[in-house]
Amino acid sequence: MTAGTGQPVVAPPAGAVADRVVVVTGASRGVGRDLARVFADHGARVGLLARSRDALDDLTGTLTADGADVFAAACDVGEPDSLAGAVDAVAGHFGRIDSVVVNAGISPVARRAHHLPIEAWHDVLAVNLTGGFVTARAAYPHLARSGHGRLVFTTSVMAATPRRGLSAYAASKAGLEGLTRALAADWAGDGILVNAVAPGFFDTGLGAAFHTSQRLREQVVGRTPVARFGRADELAAAFLFLAGDACGYLTGQVLAVDGGYGLG
Ligand SMILES: NC(=O)c1ccc[n+]([C@@H]2O[C@H](COP(=O)([O-])OP(=O)(O)OC[C@H]3O[C@@H](n4cnc5c(N)ncnc54)[C@H](OP(=O)(O)O)[C@@H]3O)[C@@H](O)[C@H]2O)c1
């Protein structure tokens, strides 16, 4: 196949992140820990961010023993100075940052909106939405310098199709999807592509809560056209694509990896 110019068209393989420096927030467990492993396995140098120093040290040890090049910086995404210091520490260690996966997130309570304490609303918005903005802003100078900046937010199928009791979480993730489009418009001129992955239900992290109830699990599976929970590798494939070289002309998009749950 050739382009209109007659040049051969050879797209990089999906997941081409070799030698890129990729930062993953929320890397201490769950989805972020899985993603850190997958990026490292694909040859990326990986910056690991989260609050839990012990968990980060454990992951660093495991990945380093397998030959990966990783660097951890503990921080709280709810505290802009802490977060900015960690992003700069990763850039200082590796000399650059090419891709950032904004994955840290919480969903501490499931309570219908009229019973939700305002403190819980603020907590969820502070980490999931403001934390996402703060992370993106701290990453901006590094991504702009990269010449190949990629920013990927982890949102949720709950942004568009919320379950009962998740008003703060759904609003925070819908806000992130708006932010994805806004930053895509702001930063395309700086060579930064901004996209989001909206996971459905996975057997890890927050999704594991659905295993505690057979009824909840059956509800989810019954509504999902693919009729099962997703696997970590199926979720990672979307992040690898959006954070890597194969993604070149796609920005401001939300990729739902949900087995069709969002189809209704
Ligand atoms: N698992 C699923 O099925 C699913 C589905 C849809 C969307 N998601 C999204 O996927 C992302 C990861 O969730 P998960 O399921 O992996 O949940 P998880 O296992 O609870 O992991 C959450 C991660 O975020 C970090 N984090 C939380 N608050 C933080 C803060 N203030 N500062 C820095 N890091 C913080 C945690 O690390 P520390 O506690 O060490 O700080 C942890 O690494 C979230 O954005 C979530 O909304 C997950």
Side-chain angles (χ1 to χ4, degrees), residues 23-38 46-60 72-87 90 100-110 122-135 138 152-163 166 168-177 179-180 196-212 216-217 220-221 224 228-236 238-239 254-259 261-262:
V23 173
V24 180
T25 74
S28 60
R29 59 175 187 272
V31 170
R33 188 178 168 103
D34 291 342
L35 290 178
R37 152 73 67 189
V38 168
V46 188
L48 312 169
L49 269 54
R51 288 168 304 179
S52 316
R53 185 78 250 181
D54 288 351
L56 291 178
D57 287 346
D58 176 65
L59 180 59
T60 301
C75 66
D76 187 334
V77 301
E79 296 176 13
D81 290 345
S82 158
L83 186 278
V87 169
V90 174
V100 177
V101 177
V102 183
N103 170 76
I106 57 171
S107 184
V109 285
H122 284 310
D123 287 349
V124 172
L125 272 285
V127 173
N128 293 3
L129 181 55
T130 307
F133 175 70
V134 164
T135 306
V152 187
F153 290 104
T154 308
T155 65
S156 169
V157 72
M158 293 297 113
T161 49
R163 292 179 63 87
L166 293 177
Y169 183 74
S172 71
K173 295 298 188 178
L176 271 188
E177 294 186 354
L179 184 62
T180 299
V197 175
F201 293 83
F202 288 79
D203 287 332
T204 185
L206 297 173
F210 287 84
H211 288 266
T212 56
L216 277 182
R217 195 175 164 81
V220 168
V221 171
T224 303
R228 60 175 173 80
F229 277 50
R231 295 194 315 265
D233 62 300
E234 294 169 326
L235 185 55
F239 284 94
V254 179
L255 193 52
V257 183
D258 65 355
Y261 181 94

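In each ligand, atom 1 is the first atom listed, and ligand 1 is the first ligand listed. Values below: every heavy atom of this structure, side chains too, minus hydrogens, waters and symmetry copies. None of these values were measured; they are calculated from a predicted model.
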Would you mind listing which atoms of ligand 1 come within a distance below 4.0 Å of any non-hydrogen atom of [X]?
| X | value |
| --- | --- |
| Val77 | 30 (C), 31 (N), 32 (N), 33 (C) |
| Cys75 | 32 (N), 33 (C) |
| Asn103 | 10 (O), 11 (C), 12 (C), 44 (C), 45 (O) |
| Asp76 | 30 (C), 31 (N), 32 (N) |
| Ile106 | 27 (C), 28 (N) |
| Ser28 | 36 (C), 37 (O), 38 (P), 40 (O), 42 (C), 43 (O) |
| Phe202 | 3 (O) |
| Gly30 | 16 (O), 19 (O) |

Could Asp58 and Arg33 be called an ion pair, given the rule that one side-chain N must be under 4.0 Å from one carboxylate O?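 Salt bridge present between Asp58 and Arg33.
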Regarding ligand 1, does [X] bring an N or O atom to under 3.5 Å of one of the ligand's N or O atoms?
| X | value |
| --- | --- |
| Val127 | no |
| Gly26 | yes |
| Gly207 | yes |

With side-chain contact (heavy atoms from CB on, under 4.5 Å) as the criterion, how do Phe239 and Val24 come out once you've worked through the C-alpha distance, each side chain's angles and the decisive distance to 0.1 Å? CA-CA 11 Å; Phe239 284 94; Val24 180; over 6 Å; no
Regarding [atom]: of the candidates [options], which has the closest heavy atom?
| atom | options | answer |
| --- | --- | --- |
| atom 10 (O) of ligand 1 | Val102, Thr154, Leu59 | Thr154 |
| atom 7 (C) of ligand 1 | Leu206, Leu235, Thr155 | Thr155 |
| atom 22 (C) of ligand 1 | Ala27, Gly78, Gly105, Gly205 | Gly105 |

Residues forming a side chain to side chain contact (heavy atoms under 4.5 Å, CB included) with Asp203, sequence neighbours excluded: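 Here the qualifying residues are His211, Arg217, Phe229.
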Residue-ligand contact Ala55/ligand 1, heavy atom below 4.0 Å: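 False for this residue.
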contact_flag Tyr169 ligand 1 heavy-atom lt 4.0 Å: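 Distance cut 4.0 Å: Tyr169 passes for ligand 1.
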Pick one of side chain, backbone, both or neither for how Arg33 approaches ligand 1, counting any non-hydrogen atom pair under 4.0 Å.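 For Arg33, no heavy atom sits under 4.0 Å from ligand 1.
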To which protein heavy atom is atom 4 (C) of ligand 1 closest, and what is the distance rounded to 0.1 Å?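 Looking at atom 4 (C) of ligand 1, the protein heavy atom closest to it is Gly200 O, 4.2 Å.
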Do you know the tightest heavy-atom contact between Val77 and Ala104?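 Heavy atoms of Val77 and Ala104 come nearest at CG1-CB, 4.2 Å.
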To check you understand the geometry: which heavy-atom pair defines the closest contact between Ala159 and Ala174, and what is its length?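 Between these two residues, the closest heavy atoms are CB-N, 3.6 Å.
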Exam field: side chain Lys173 to backbone Ala160, donor-acceptor pair closer than 3.5 Å: no
Taking the side chain from Thr25 and the backbone from Asn103, do they hold a donor-acceptor pair closer than 3.5 Å?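 Flag set: sc Thr25 to bb Asn103 pair under 3.5 Å.
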In a check of side chain to side chain contact (heavy atoms under 4.5 Å, CB included) between Phe202 and each of Val257, Asp34, Val31, which one passes? Val257
